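See below for the structure under consideration.
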Amino acid sequence: MFADLSALPPDALLGLTKLYNEDPRAAKIDLGVGVFRTPDNRTPVMRAVADAQKALVERETTKVYLPPEGAPGFGEAIRSLIFGDALSAERCAVIQTPGGCGALRVGAELLRRADAQSVSIGAPTWANHKPLLSAAGLNISMIPYYDAPSGRIDFDAFYAGASKLGRKDALLLHGGCHNPTGADLSTDEIDAIAGLAADKGFTPFVDCAYHGFANGLDADAYIIRRLAEYAPEFLVSYSCSKNFGLYRERTGAIIAVGADAGRTAAMKTHILNIARQIYSMPPGHGGIIVAGILTDPALNRSWRAELEEMRLAVIANRRRLVETAARHQLGDRLSYIEEQNGMFSLLPVTDAEVLALRERHGVYVAGGGRANMCGVNESNVDHLCQALADVMAR
Ligand code: LMR
């Protein structure tokens with residue numbers, strides 16, 4: 001049966017962690033996969049998560065199946081976290097999924113059932129977007145988004161690409177903390193895209209994987225709340241991996257916003273049916289923890305405070321890198337990084353320089369020069385800047 005299946009190479013991002021772990025050098029630096037890190041390179045369980053988990057273990061009496069929508073209270077809590085008052089509950093279906101990846105795949109299957117012709121994505125994008133969405137049978141087309149020399153978005157080109165979309169097309173948007181560039185749409189640009197979606201009738205699909213890491217929970221929800229005002233229908237894939245630190249618990253949601261209550265209810269039946277065909281229902285542990293945190297005032301406060309600490313820590317890391325680079329013959333070549341958001345920025349390096357960073361200096365960055373700013377800290381920033389100056393000078 002399987003004789004014709006030749007072995008595939010390891011996943012580019014996940015494989016990088018393995019290479020880093022196997023590297024015996026003490027001075028290695030991991031700027032690869034997107035996880036939060038403390039200055040001493042740990043990714044701890046968040047305080048509210050530890051508390052909610054403890055309470056869960058103490059009171060849990062069964063492991064029977066969750067309802068197909070996910071943990072009780074999860075959907076309503078996520079809806080109110082993201083939309084606030086911007087959307088009535090009857091126009092919004094929230095279904096818990098195995099992580100943000102599960103949400104993207106289920107959303108893609110829903111678009112396929114609706115006979116979507118294509119999904120457009122601004123380039124570059126997260127390495128797994130194309131495989132995830134095209135696995136559902138969707139055609140993917142890349143449109144311009146980022147202008148690497150300036151470290152900024154080429155909004156005119158992005159807008160022009162989106163202007164060509166019609167009623168059977170979807171546009172994937174990053175819900176803040178763009179992966180891999182860190183360059184986000186401004187509020188004016190979001191307004192323009194939301195207006196365009198309303199005019200042209202294409203379906204926005206917002207991948208919201210870093211909620212709270214750019215400018216805070218409310219500010220980061222701007223894109224979703226604006227779409228709720230303008231676009232009759234759209235989808236959101238939501239991940240709790242980064243902002244709840246629940247990476248391995250695979251906790252996320254697909255959120256369908258329909259034109260009215262009836263359309264939303266119909267979309268929900270399809271989502272549940274798609275999920276049933278793939279994995280039946282989501283894992284319970286993470287969803288129960290998230291619902292517990294969001295519905296308990298003390299845990300909610302604790303979670304928000306720690307998320308804000310994490311957000312500010314990443315901003316400080318960005319500043320540290322830019323300031324240190326200036327002292328290492330790099331001048332202002334990295335200065336754009338301070339204006340960007342979230343975990344990632346693209347370093348101005350070629351693929352050969354990415355390899356040289358790894359081989360010569362033990363600095364692990366992802367393809368295209370994507371660097372996780374969480375991994376920059378006081379004790380490694382000099383090494384990092386020396387390594388960059390070295391590979392970029394050759
Ligand atoms: C990343 O982009 O590094 C993370 O979202 C992890 C992943 O699954 O790729």
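Since this is a predicted model, take the numbers as computed values, not measurements. Heavy-atom basis, side chains included; hydrogens, waters and symmetry copies ignored. Numbering of ligands and ligand atoms starts at 1, following listing order.
Between Asp115 and Lys168 there is no salt bridge, since none of the side-chain N atoms of the basic residue sits less than 4.0 Å from a carboxylate O of the acidic one. Comment: Asp169 does not engage Lys200 in a salt bridge, judged by the lack of any side-chain N to carboxylate O separation of less than 4.0 angstrom. Salt-bridge formation is not detected for the pair Arg304/Glu308: no Lys NZ or Arg NE/NH1/NH2 atom is positioned less than 4.0 Å from an Asp or Glu carboxylate oxygen. For the pair Glu229 and Arg226, the salt-bridge criterion is met [side-chain N within less than 4.0 Å of a carboxylate O].
The aromatic rings of His383 and His361 stand perpendicular to each other, their planes meeting at an angle above 60°, with 30° marking the opposite boundary.
Glu249 meets the side-chain hydrogen bond (donor to acceptor under 3.5 Å, both in side chains) test with no other residue; sequence neighbours excluded.
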Are there any N/O pairs under 3.5 Å between ligand 1 and the protein, and if so, what are their distances?
| residue | atom | partner | partner atom | Å |
| --- | --- | --- | --- | --- |
| ligand 1 | 2 (O) | Trp126 | NE1 | 3.0 |
| ligand 1 | 2 (O) | Asn179 | ND2 | 3.1 |
| ligand 1 | 2 (O) | Arg370 | NH1 | 2.8 |
| ligand 1 | 3 (O) | Gly34 | N | 2.7 |
| ligand 1 | 3 (O) | Arg370 | NH2 | 2.8 |
| ligand 1 | 5 (O) | Lys242 | NZ | 3.0 |
| ligand 1 | 9 (O) | Trp126 | NE1 | 3.1 |

